[in-house]
Amino acid sequence: MEFSRRMKKISIIIPAHNEEKNIPLVYAELQDVFAKYAKEKYVFDILFINDGSADDTIGAMEKLANLDENVEYIDFSRNFGKEVATTAGLNNCKGDACIMLDADLQHPVELIPEFIAAWEKGAEVVVGIRNKNKSTGILKKIGSAIFYKTINKIAEVEIVPNSTDYRLLDRIVIEQFNRFTETNRMTRALIDWLGFRRDFINFDAKERIHGDASYNFWKLFKLAMNSFISLSLLPLKLAGNLGIAITLISGVAGFYILLGKYFFRTPFASTFSDSENLAILLLFLVGIILMSIGLLALYIANIHGEVINRPMYVVRKKKL
Ligand code: UDP
Ligand code: MG
């Protein structure tokens with residue numbers, strides 16, 4: 001008998017937004033996985049985060065929590081988004097490691113043993129890599145391809161394509177993650193930023209069983225935009241450089257036209273009338289200025305969001 005051997009605790013973190021029907025299903029599937037480890041060296045707990053669902057997701061969570069002492073939940077006062085919900089899970093989980101997965105069963109729980117095995121072999125972060133998803137729309141696919149190409153060109157951290165939020169984090173990574181204070185966040189980018197020893201596990205994303213994906217193209221676009229401006233200053237520099245280039249070119253062109261008008265007979269200089277020249281020039285410059293201002297506004301909005309330092313999320317009730 002090994003009384004002294006401490007069981008390792010693994011927390012399963014599940015953010016949920018309108019997943020009333022999926023909560024009992026994901027719970028049941030997890031029990032099957034846990035059963036395989038019965039009397040082995042792990043104990044599991046499940047931490048659900050209800051991210052301002054409009055349906056009775058919280059009811060489903062409470063029901064399970066009443067039946068099973070290893071089920072915990074945090075109930076947000078409203079929808080704060082998956083990134084923040086996951087963060088709340090990481091802030092509050094107690095395990096020696098945690099595994100984050102989606103409530104909609106798109107992250108196959110059968111792979112949990114593989115995540116744990118990789119962890120036991122020394123990986124501090126184990127990242128799930130999605131192979132493909134038949135139901136993914138063409139717009140989302142193209143969007144994601146462009147996103148990874150661009151962000152890896154401009155960001156300081158390498159972001160592995162198709163890496164998902166289905167991840168295992170060691171306690172040391174969780175502790176470091178909990179030091180981040182920014183509210184506008186993309187959890188997986190922050191985890192990548194932290195570094196640590198990583199390992200990868202490939203999986204096929206399943207179809208969603210109940211409910212609709214809450215992330216449509218525009219929500220994802222917003223998320224991508226957020227990671228661009230929080231991970232890189234290049235867009236800001238781009239606007240500046242573009243401004244300089246345009247000013248130089250239009251300056252030279254203007255000078256050429258002036259020369260043609262008052263000093264020599266240069267070709268083409270008199271093809272357009274003065275007002276046409278001016279109109280084209282103005283339109284062009286106004287476009288550039290607006291673009292630059294738009295980009296600046298994004299950064300200012302970002303700075304604003306961080307500086308006012310609001311709490312990241314608000315909890316109605318919890319069982320931890
Ligand atoms: N989710 C959340 N808050 C939100 C949107 C989604 O907690 O505002 C949860 C959702 O319940 C699911 C996971 O995040 O467990 C992934 O969401 P979804 O299936 O909508 O995204 P996708 O599968 O398209 O990445
Ligand atoms: Mg999903």
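Sequential numbering from 1 along the given sequence is applied to the chain's residues. Remember, it's 1-based here, ligands and their atoms both numbered in the order they're listed.
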With heavy atoms of [X] as the reference, note each atom of ligand 1 found under 4.0 Å away.
X: Gln106; result: 19 (O), 23 (O)
X: Asp104; result: 19 (O), 23 (O)
X: Asp51; result: 2 (C), 3 (N), 4 (C), 7 (O), 8 (O)

Atom of Asp104 closest to the Mg ion (ligand 2), considering N, O or S atoms
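Of the nitrogen, oxygen and sulfur atoms in Asp104, the Mg ion (ligand 2) lies nearest to OD2.
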
Any luck finding a side-chain donor-acceptor pair between [X] and [Y] under 3.5 Å?
X: Glu20; Y: Thr57; value: no
X: Arg310; Y: Thr183; value: no
X: Tyr27; Y: Asn22; value: no

One thing to verify: whether Glu124 and Arg197 come together as a salt bridge, which I'm taking to mean a side-chain N less than 4.0 angstrom from a carboxylate O.
yes

Does atom NZ of Lys317 have more than 12 heavy-atom neighbours from other groups under 6.0 Å away?
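Counting other residues, nucleotides and ligands, NZ of Lys317 exceeds 12 neighbours.
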
Report the part of Glu19 in contact with ligand 1, treating N, CA, C, O as backbone and CB onward as side chain, heavy atoms under 4.0 Å; options are side chain, backbone, both, neither.
side chain

I need the contact type for Asp102 against ligand 1. Using non-hydrogen atoms and a strict under-4.0 Å cut-off, is it side chain, backbone, both or neither?
both

Quiz item: cation-pi between Arg78 and Phe76, 6.0 Å / 45°
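No.
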
Does ligand 1 come near enough to Ala103 that some N or O of the ligand is less than 3.5 Å from an N or O of the residue?
yes

Which option wins on minimum heavy-atom distance to atom 8 (O) of ligand 1: Ile14, Asn79, Val26?
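Nearest heavy atom to atom 8 (O) of ligand 1 lies in Asn79.
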
